[in-house]
Amino acid sequence: MLLRDPFTKALHDARRSLIGWTVAIVAVGAMYASFWPTMQTPEMTKALEAYPEGVLEAFNYSDLTSAAGYLGSAVYGLLVPLLVAVFAIAAGARAVAGDEEAGTLDLVLAHPVGRARLALLRFAAVAAGIVAIAVLLGLAMVGLSGPAEFDGIGADGFAAMTLHLALFGLAFAALAFAVGAATGRRAAALGAGAGVAVLGYLANSVFPQVEGLTWARELSPFHWYLGGSPLVDGVQPVGALLLLGVTALLVAVGTAAFTRRDLAV
């Protein structure tokens, strides 16, 4: 039955990896979020003031004076999105190219499942994992709101940030999925995803500090994800739609390429 249901089989096969990544990302997010009360001490404030502004901006630390600014920088601005991107890229690359490189794709396709349906359901399983990680992290942040004194952030702010994080992960998963489905090579998919992640991060935090390169930020998925402060101002339609549109386009292109090419199985 699992072989006839690519979605369930993909989730079943990735269950250990998904659980491990979920625990790790939620734990990292919760750990950094719990540091917020200590960031308000005079000693920490003085230490942060000693850092040049450009250094903090390079790490997406744009505002550490409020709970929303701290969470948007230290939790949702650096480690969490990078970890989510790594998970999404690895999962997206494995969705189709993993079986093809292992030589087991022919066994899957021997069952009554078309290529397009297989590809779409495999990506749907990856998407389910990314959404689960984002939602569980959001719930953890809501649970810490009282003890960690996240003043000024409501459940709607965390919901908006959760949506943006999920869309951010889906965009990177879609990129790796598309390259892997089009080439059948995990290395190519991983390389493409990692390359875009690094360039996107630099375009959002480093390039704008160079005169004449401020426009680069508008092309970065990190800016689409973080721009406009979703924690405070809610869902940012432009950024959310850009991430969603890129995801849909990449999944469509990857699926079309997979259905038309000769398979190395």
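Every heavy atom of this structure was used, including side-chain atoms; hydrogens, water molecules and symmetry mates were not. Not measured: the values here are computed from a predicted model.
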**Q** What distance do Arg115 atom CZ and Leu120 atom CG have between them, rounded to the nearest 0.5 Å?
**A** 13.5 Å
**Q** Return a table of donor-acceptor pairs under 3.5 angstrom between the side chains of residues 157-173 and protein atoms on other chains or two or more places apart.
**A**
unit_1 : atom_1 : unit_2 : atom_2 : d
Thr162 : OG1    : Phe158 : O      : 2.8
His164 : ND1    : Tyr225 : O      : 3.0
His164 : NE2    : Gln236 : N      : 3.1

**Q** Answer with yes or no whether the hydrophobic clustering places Leu199 together with Trp215; edges join I, L, V, M, F, W, Y residues whose side-chain heavy atoms lie under 4.5 Å apart.
**A** no
**Q** Could you tell me which non-hydrogen atom of Ala192 sits nearest to which non-hydrogen atom of Val179, and how far apart they are?
**A** CB-CG2, 3.8 Å
**Q** Look up atom CD in Glu218 and atom NE2 in His223, then write down how far apart they are to the nearest 0.5 Å.
**A** 4.0 Å
**Q** Checking Arg217 side chain against Ser205 main chain: does a donor-acceptor pair fall under 3.5 Å?
**A** no
**Q** Nearest heavy-atom pair of Ala97 and Gly184: which atoms, and what distance?
**A** CB-C, 3.9 Å
**Q** Give a yes or no on whether Met31 and Leu144 share a hydrophobic cluster (residues Ile, Leu, Val, Met, Phe, Trp, Tyr; joining criterion: side-chain heavy atoms under 4.5 Å apart).
**A** yes
**Q** Got a sec, which residues hit salt bridge (charged side-chain N to carboxylate O under 4.0 Å, His left out) with Asp233, two or more places apart in sequence or on another chain?
**A** none
**Q** To the nearest 0.5 Å, what is the distance between OH (Tyr76) and CG (Leu71)?
**A** 7.5 Å
**Q** For Ala132, check side-chain contact (heavy atoms from CB on, under 4.5 Å) against everything at least two apart and list the hits.
**A** none
**Q** Taking Val235 as the starting point, is it possible to reach Val232 by hopping between hydrophobic residues whose side chains are less than 4.5 Å apart?
**A** no
**Q** Return the CG to CG distance between Leu213 and Leu202, rounded to the nearest 0.5 Å.
**A** 11.0 Å
**Q** Does the side chain of Phe123 reach to within under 4.5 Å of the side chain of Thr255, using non-hydrogen atoms?
**A** no
**Q** Is a donor on one side and an acceptor on the other found under 3.5 Å between the side chain of Arg122 and the backbone of Ala95?
**A** yes
**Q** With side chains defined as the heavy atoms from C-beta onward, is the minimum distance between Ser145 and Ile153 less than 4.5 Å?
**A** no
**Q** What is the minimum heavy-atom distance between Thr259 and Ala116, and which atoms define it?
**A** CG2-N, 3.6 Å
**Q** Would you check if Val126 and Phe177 make a side-chain contact, meaning some heavy-atom pair closer than 4.5 Å?
**A** no
**Q** Is there a side-chain contact between Val80 and Leu137 in this structure, where contact means two heavy atoms from C-beta onward sitting under 4.5 Å apart?
**A** yes
**Q** Of all residues at least two apart in sequence or in a different chain, which pass the side-chain contact (heavy atoms from CB on, under 4.5 Å) check with Thr22?
**A** Leu18, Val26, Ile133, Leu136
**Q** Are the side chain of Arg261 and the backbone of Phe258 linked by a donor-acceptor contact shorter than 3.5 Å?
**A** no
**Q** Taking the side chain as C-beta and beyond, is there a heavy-atom pair between Leu83 and Trp21 under 4.5 Å?
**A** yes
**Q** Show which residues join Val253 in its hydrophobic cluster (side-chain heavy-atom contacts under 4.5 Å, direct or indirect), or state none.
**A** Leu249
**Q** Looking only at heavy atoms, which two atoms of Leu11 and Ala125 are closest? And how far apart?
**A** CD2-O, 3.6 Å
**Q** Is a side-chain N or O of Tyr70 found less than 3.5 angstrom from the main chain of Tyr32, in a donor-acceptor match?
**A** yes
**Q** How close do Gly200 and Ser220 get, counting heavy atoms only, and between which atoms?
**A** O-OG, 2.5 Å
**Q** Do Leu241 and Trp224 belong together in a cluster built from hydrophobic side chains that touch within less than 4.5 Å?
**A** no
**Q** Val28 and side-chain contact (heavy atoms from CB on, under 4.5 Å): which partner among Leu79, Val23, Leu82?
**A** Leu79
**Q** Not counting sequence neighbours, which residues clear side-chain contact (heavy atoms from CB on, under 4.5 Å) with Ala216? List them please.
**A** Ala203, Phe207
**Q** Do you know which two heavy atoms are closest between Pro81 and Phe222, and how far apart they sit?
**A** CB-CE2, 4.3 Å
**Q** Using a 4.5 Å cut-off on heavy atoms from C-beta on, say whether the side chain of Val75 contacts that of Phe35.
**A** no
